[in-house]
Amino acid sequence: MKIIPLDDTHEQERQAVLQRVDDLKKQNFCPTCYHNEHGGVYPDISAQTFYEDELTWCFLETYPRNPGHSIVLVKPHYDDISEMPPDIGAVVFAVIHQVIHALKTHFGAEKVYLCTICDGERNHLHFQLIPRLPDDALRGSRVFVKERGLPTEYADDVAVLRGLMQG
């Protein structure tokens, strides 16, 4: 996977998504639940999806901070991790563990940072997994504020990750 800097067009697209998200939150809608029911909020990620089951949806981030930056979305709505029942959490974290292993195996990551951000009302629980590669200059929390980019040439990565998630 290669990540290139966002050009003006893609940055405008990203800002439009963020604006739609804010508008829905102001109307007391969860943007993720709204998108899953009606569409039209987030870009199509079918080509970026590498795993899905009844509780989770795993895909490469549309505007990643590092190669392999992935999202593990919890399908049932929980505003944050404190609302997720422990039995569901155990299943979700088993998937996260498997994704981390796949990211380390495929991208050669030294570590994979795990983050969940609950940014106000009507959030939808998801986990961001950001691989730290051996040549990364930024480490620790600085990776979470690294500039976002646009992934290219990721179809092979998705195929490999799908295989690793099945094995």
Side-chain angles (χ1 to χ4, degrees), residues 1-24 31-36 39-53 55-75 81 92-119 123-167:
M1 168 185 291
K2 182 179 177 186
I3 298 177
I4 59 173
L6 290 178
D7 58 24
D8 289 343
T9 301
H10 287 101
E11 182 57 36
Q12 289 172 359
E13 289 173 1
R14 184 174 173 276
Q15 291 304 318
V17 169
L18 295 174
Q19 185 60 55
R20 284 194 299 274
V21 165
D22 286 345
D23 291 345
L24 286 167
T32 302
C33 292
Y34 186 93
H35 179 80
N36 290 343
V41 179
Y42 302 107
D44 178 24
I45 57 164
S46 56
Q48 296 155 235
T49 299
F50 57 85
Y51 181 78
E52 186 173 3
D53 62 23
L55 286 177
T56 62
W57 190 6
C58 306
F59 50 93
L60 293 173
E61 166 65 45
T62 302
Y63 304 107
R65 297 186 186 279
N66 247 3
H69 183 168
S70 299
I71 303 296
V72 176
L73 180 77
V74 180
K75 287 183 178 179
I81 197 169
V92 170
F93 273 92
V95 170
I96 288 170
H97 186 269
Q98 190 176 0
V99 172
I100 289 171
H101 178 73
L103 294 172
K104 282 183 158 189
T105 299
H106 179 59
F107 289 98
E110 292 178 338
K111 300 284 183 185
V112 176
Y113 296 120
L114 168 72
C115 179
T116 182
I117 301 170
C118 301
D119 58 353
N123 194 57
H124 193 104
L125 180 61
H126 67 282
F127 298 89
Q128 296 195 29
L129 300 171
I130 306 175
R132 186 184 82 205
L133 305 176
D135 60 348
D136 280 343
L138 295 178
R139 295 188 177 259
S141 62
R142 292 176 287 177
V143 172
F144 295 116
V145 295
K146 188 174 182 180
E147 288 293 319
R148 291 182 177 272
L150 190 65
T152 63
E153 305 168 13
Y154 61 84
D156 289 343
D157 297 308
V158 171
V160 169
L161 291 171
R162 282 181 184 153
L164 289 168
M165 292 299 291
Q166 290 176 4

Please tell me whether Asp23 and Gln19 have a donor and an acceptor in their side chains that are separated by less than 3.5 angstrom. yes

pair Leu60-Leu161: side-chain heavy atoms closer than 4.5 Å: yes

Residues which pass side chain to side chain contact (heavy atoms under 4.5 Å, CB included) with Glu147, listed by chain and number, not counting sequence neighbours: none

For the backbone of Pro43 and the side chain of His35, can you confirm whether one donor and one acceptor N or O come within less than 3.5 Å of each other? no

In Å and rounded to the nearest 0.5 Å, what is the CG to CD distance from Asp136 to Glu110? 8.0 Å

Interatomic spacing from OH in Tyr34 to CG in Leu24 - rounded to 0.5 Å: 6.0 Å

Output, in order, the C-alpha distance, side-chain angles, deciding distance and verdict of side chain to side chain contact (heavy atoms under 4.5 Å, CB included) for Ile71 and Glu61. CA-CA 6 Å; Ile71 303 296; Glu61 166 65 45; 3.3 Å; yes

Side-chain contact, heavy-atom cut-off 4.5 Å: Leu164 with His101? no

Heavy atoms, side chains only, cut-off 4.5 Å: are Phe50 and Val160 in contact? no

Just so I know, are the side chains of Asn36 and Trp57 near enough to count as touching, which here means a heavy-atom distance under 4.5 Å? yes

Sub-4.5 Å side-chain heavy-atom contact between Thr62 and Tyr42: no

With no hydrogens and no angle check, is any side-chain donor or acceptor of Thr116 less than 3.5 Å from a backbone partner on His126? yes

Could you tell me whether Asp8 atom CG has more than 12 heavy atoms of other residues or ligands within 6.0 Å of it? no

Looking only at atom types and distance, does a side-chain atom of Lys146 sit under 3.5 Å from a main-chain N or O of Pro64, one as donor and one as acceptor? no

Has Arg132 got a side-chain atom pairing as donor or acceptor with Lys111's backbone, closer than 3.5 angstrom? no

Measure the shortest side-chain to side-chain distance between Leu114 and Phe93 over non-hydrogen atoms and say whether it is less than 4.5 angstrom. yes

Side chain Arg20, main chain Gly40, donor-acceptor under 3.5 Å: yes

Measure the CG-CG distance between Asp157 and Leu103 for me, rounded to the nearest 0.5 Å. 10.0 Å

Any side-chain heavy atom of Phe107 within less than 4.5 Å of one from Val112? no

For His69, is there any backbone N or O sitting under 3.5 Å from a side-chain donor or acceptor partner on Asn66? no

Heavy-atom closest contact (Pro131 atom, Ala109 atom, distance): CB-CB, 3.7 Å

Whether over 12 other heavy atoms sit under 6.0 Å from Asp156 CG: no

Treating Arg162 as the side-chain partner and Thr49 as the backbone partner, does any N or O pair qualify as donor plus acceptor under 3.5 Å? yes

Pairwise side-chain contact, Tyr51 with Val95, heavy-atom cut-off 4.5 Å (strictly under): yes

What's the shortest heavy-atom distance between Pro67 and Ile3, and which atoms? N-CD1, 3.2 Å

Of Leu73, Asp53, Val74, Leu125, the one forming a side-chain contact (heavy atoms from CB on, under 4.5 Å) with Val92 is Val74

Distance check, rounded to the nearest 0.5 Å: Ile96 atom CD1 versus Ser70 atom OG? 11.0 Å

Distance from Tyr63 atom OH to Glu11 atom CD, nearest 0.5 Å? 8.5 Å

Say you draw a straight line from CG of Asp7 to CG of Leu150; how long is it, rounded to the nearest 0.5 Å? 7.0 Å

Between Gln98 and Met165, is there a donor-acceptor pair closer than 3.5 Å when you use the side chain of the first and the backbone of the second? yes

